[in-house]
*Asks:* 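Structure below; questions to follow.
Numbers restart at 1 for each chain; the letters A, B, ... are given by sequence-line order, proteins then strands.
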Protein chains: 4
Amino acid sequence: MPLIRDGIRLLIASSSPREYGSVRIVAKIVEGFAKDIEGVEAIHIDVYDYDIKPCLGCVSDDVMLCRYPCVIEDDMRKLYEYIVNSDGIIFITPIYWYNVPGPMKNFIDRLTVFENAIFTEGRSRLEGKVASFIAIGNDTGSIAVIQNLMAIMNSMGVVIPPWALAYHTSDEDPLENESFILDVANVVRCTVLMIKALKGIEKPIYWYRADDEYKTLVKKIARDIANNYLSSIL
Amino acid sequence: MPLIRDGIRLLIASSSPREYGSVRIVAKIVEGFAKDIEGVEAIHIDVYDYDIKPCLGCVSDDVMLCRYPCVIEDDMRKLYEYIVNSDGIIFITPIYWYNVPGPMKNFIDRLTVFENAIFTEGRSRLEGKVASFIAIGNDTGSIAVIQNLMAIMNSMGVVIPPWALAYHTSDEDPLENESFILDVANVVRCTVLMIKALKGIEKPIYWYRADDEYKTLVKKIARDIANNYLSSIL
Amino acid sequence: MPLIRDGIRLLIASSSPREYGSVRIVAKIVEGFAKDIEGVEAIHIDVYDYDIKPCLGCVSDDVMLCRYPCVIEDDMRKLYEYIVNSDGIIFITPIYWYNVPGPMKNFIDRLTVFENAIFTEGRSRLEGKVASFIAIGNDTGSIAVIQNLMAIMNSMGVVIPPWALAYHTSDEDPLENESFILDVANVVRCTVLMIKALKGIEKPIYWYRADDEYKTLVKKIARDIANNYLSSIL
Amino acid sequence: MPLIRDGIRLLIASSSPREYGSVRIVAKIVEGFAKDIEGVEAIHIDVYDYDIKPCLGCVSDDVMLCRYPCVIEDDMRKLYEYIVNSDGIIFITPIYWYNVPGPMKNFIDRLTVFENAIFTEGRSRLEGKVASFIAIGNDTGSIAVIQNLMAIMNSMGVVIPPWALAYHTSDEDPLENESFILDVANVVRCTVLMIKALKGIEKPIYWYRADDEYKTLVKKIARDIANNYLSSIL
């Protein structure tokens, strides 16, 4: 495992009530890919584990009222810090009715305080951060949810790197879906490459990797992480 | 005001934290149109006034686990009853990031227990009910949220009547937006007409009304209701 | 096979360049379900077989300029007649980049002349017609395209019956996807039931059918039609 | 006006049948912003001016059949060259039924040959290019169309820079909509900044500019270009 370098930090934000479910397993895999393959720092949080109250829409009363750190005192105070200290966010969501679950939407609504810094501080606090998106469901709806998240995050000033999406829409084990796991690895890879390009650390030569060495590595790491994670919670 | 007839009942489900905001004012207008113009029963609830916990996704563990009235004991127990006893639902949502706010999404996620009755009872409990959609925001995003709601509700077995959408996307007073108020009146009208058609009460001859008599009536009723409502909460 | 009754007529509008492809096979199955199970008239057209020029956007110059039968003289003249004479339209589209293919979009854009009759004739020529949607692709994107089509058609005054959507998103044979074929049969069933309800012919008791008799019937008819169609074009 | 530097080239792809309409005026403004403010090369094409036949879906027969420069011999041959030689594409679309018009969809469908180079050449020919999106309509639907375009282009390997969207959804003159024109200028700015970051030319310090000097400059240039363009075509 490479040393942590360049001070790159990712926030991995999942949204699943089910500790042993695919969303959380994939979130752990993403965390592992970030640390073990890309050599960056990564924190994983699941919004279901935090008390995130709904946005109160203060901005509709007066745009100057919506300012960091938000009038609501709850766990977003901590999550805001994670976001501020991250260069990129990887969203991992289950597909609940072709959309994110309510708690993830509360989390997103509460990001308004960062975007609204345009008016209160002169600039969105999310400007220039990088985001990417993974959707998992038993059934279809992945693009409906991902396209919505892309427009939302981009409207907050966020960069979307190439191949910033991965989806698994089947009731089979996502770990058996090799092209999905490869896409997930590339989501992490492209997110990190984009951060490096923006920081002037490294000029990206190519983005999506699909060579055999990488496929083998990715598959093995994913399997190991999933096994370790599932052992740890049982 | 006509007597309540035919036993038609609407649920008006809004989702706004702001009691004096446009969403709740329009919800009251919708309630008034339903009662005073269409002569049907109508109940207005705002999801922000209820304790609606997030869906736990039991259906991903075992499709037979998700059954009415849901394992979670919260205010949905009461709202489920309202829905069961309604022939149609009119959704009134603010546009929070091109989507519904978190609490409305929790409400929708919790409707899974009705849709999943396909598996647990042989038939969706929402099958054949009618739904329509009103979106209000300072900025764009109305179709993004409405099209998503249409696909969601239709996937639960719900009928979408003609002209089942109205939107106001401006920071001006929605009451000054005459075409919006006319659309809102027609959303109510078409929802009720569709319920009547399905019950065999009345065969719809035409749907959208835009004659001068109707426009004048609608404008006056909307204004009166808004004034009364605002007086009542101040 | 029942006699044609009640004068109900469906237009089945597909959009595929590939005569032997899944979209056209499913279109033929839909036509067969309409005639053989529901006993209604049905015409199948594929927009790729017609010369449908792009909309010229006259409505942006002057809303009164866009009037039936459109200034463009092409095959839409014939298709407009089919639509006028239909009670419902079943759209069958491949998923080309989470959306309909260009020719289907040209077809939809050219429907503006019907919707704009609101201004030129006092009423949308599509008001009260019924529409439903089938999307087929090798990959995801079905809900993205279907939700968009729902909002479009509803904004033209069209009714969307319960369960008005079916999708097959896999590179396997759609005929092997039994739940898809059952959904397709129910799309046809619900479209016809809705037309009957609107005409006052029959009050719908229940919508989605999933009983064994129906499943067996549907599977057999689908298989026979697909075989006949493929024989006829080879 | 700065000299052309750094070899950065933009393709501005609009889609409007109306030479004097808002879409083409804004396209000319975008071209002017690119050249006069950002100092890069820019070519403007409107897909309505070219013969772009519909995609034939060869990829569904055999993924190896869809390869550059496409079996169809039409004006895409020329447009493919423009794309290959561009670092970024700015899409400017009218909102036709919450979506792009048919000819723009044909253009997008025909980009498959570039994306499918993943299979035929080992890498998408669009990988690492930058795209942004401007939507103009009399009515709502901007986010519905933009979010779809974002997911499409990102799935082809394209980077989406911060603030890659601008929309004007009103029947008033877009030039009178100052915040829209400022957004348009920033779409061009952020697209160019992103290209520079990816080429290692310049590290972006901040993205969205809203200072008074910039606002005044942008407003004046937009007005001048619009006047010149309208004079030239009358």
*Asks:* With a 4.5 angstrom heavy-atom cut-off, is it the side chain or the backbone of Tyr48(A) that approaches chain B, or both, or neither?
*Replies:*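 Side chain of Tyr48(A) only, per the 4.5 Å heavy-atom cut-off to chain B.
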
*Asks:* Once rounded to the nearest 0.5 Å, what's the spacing between atom NZ of Lys105(B) and atom CH2 of Trp97(A)?
*Replies:*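 It comes to 9.5 Å.
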
*Asks:* Output the option from Gly21(B), Ser16(B), Ala144(B), Ser60(B) having the highest count of non-hydrogen pairs under 4.5 Å with chain A.
*Replies:*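 Among Gly21(B), Ser16(B), Ala144(B), Ser60(B), the one with the most close pairs to chain A is Ser60(B).
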
*Asks:* Is Tyr20(B) in contact with chain A via its backbone, its side chain, both, or neither, using a 4.5 Å heavy-atom distance?
*Replies:*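 Contact with chain A involves the side chain of Tyr20(B) alone.
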
*Asks:* Any non-hydrogen side-chain atom of Pro103(B) less than 4.5 Å from a side-chain atom of Asn106(A)?
*Replies:*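 Of all side-chain heavy-atom pairs linking Asn106(A) with Pro103(B), at least one is under 4.5 Å.
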
*Asks:* Is there a donor-acceptor pair closer than 3.5 Å between any side-chain N or O of Asn148(B) and the backbone N or O of Tyr98(A)?
*Replies:*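 Checking the backbone N and O of Tyr98(A) against the side chain of Asn148(B), a donor-acceptor pair under 3.5 Å is found.
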
*Asks:* Measuring only between side-chain heavy atoms, which start at C-beta, is Thr112(B) closer than 4.5 Å to Tyr96(A)?
*Replies:*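 With C-beta onward as the side chain, the pair stays apart.
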
*Asks:* Would you mind checking which part of Asp109(B) comes under 4.5 Å of any heavy atom in chain A, side chain (CB onward), backbone (N, CA, C, O), both or neither?
*Replies:*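 Contact with chain A: backbone and side chain both.
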
*Asks:* Is Asp61(A) close to chain B through its backbone or its side chain, or both, or neither, when contacts mean heavy atoms under 4.5 Å?
*Replies:* both

*Asks:* Return the minimal non-hydrogen interatomic distance between Gly57(A) and Arg18(B), and the atom names on each side.
*Replies:* O-CD, 3.5 Å

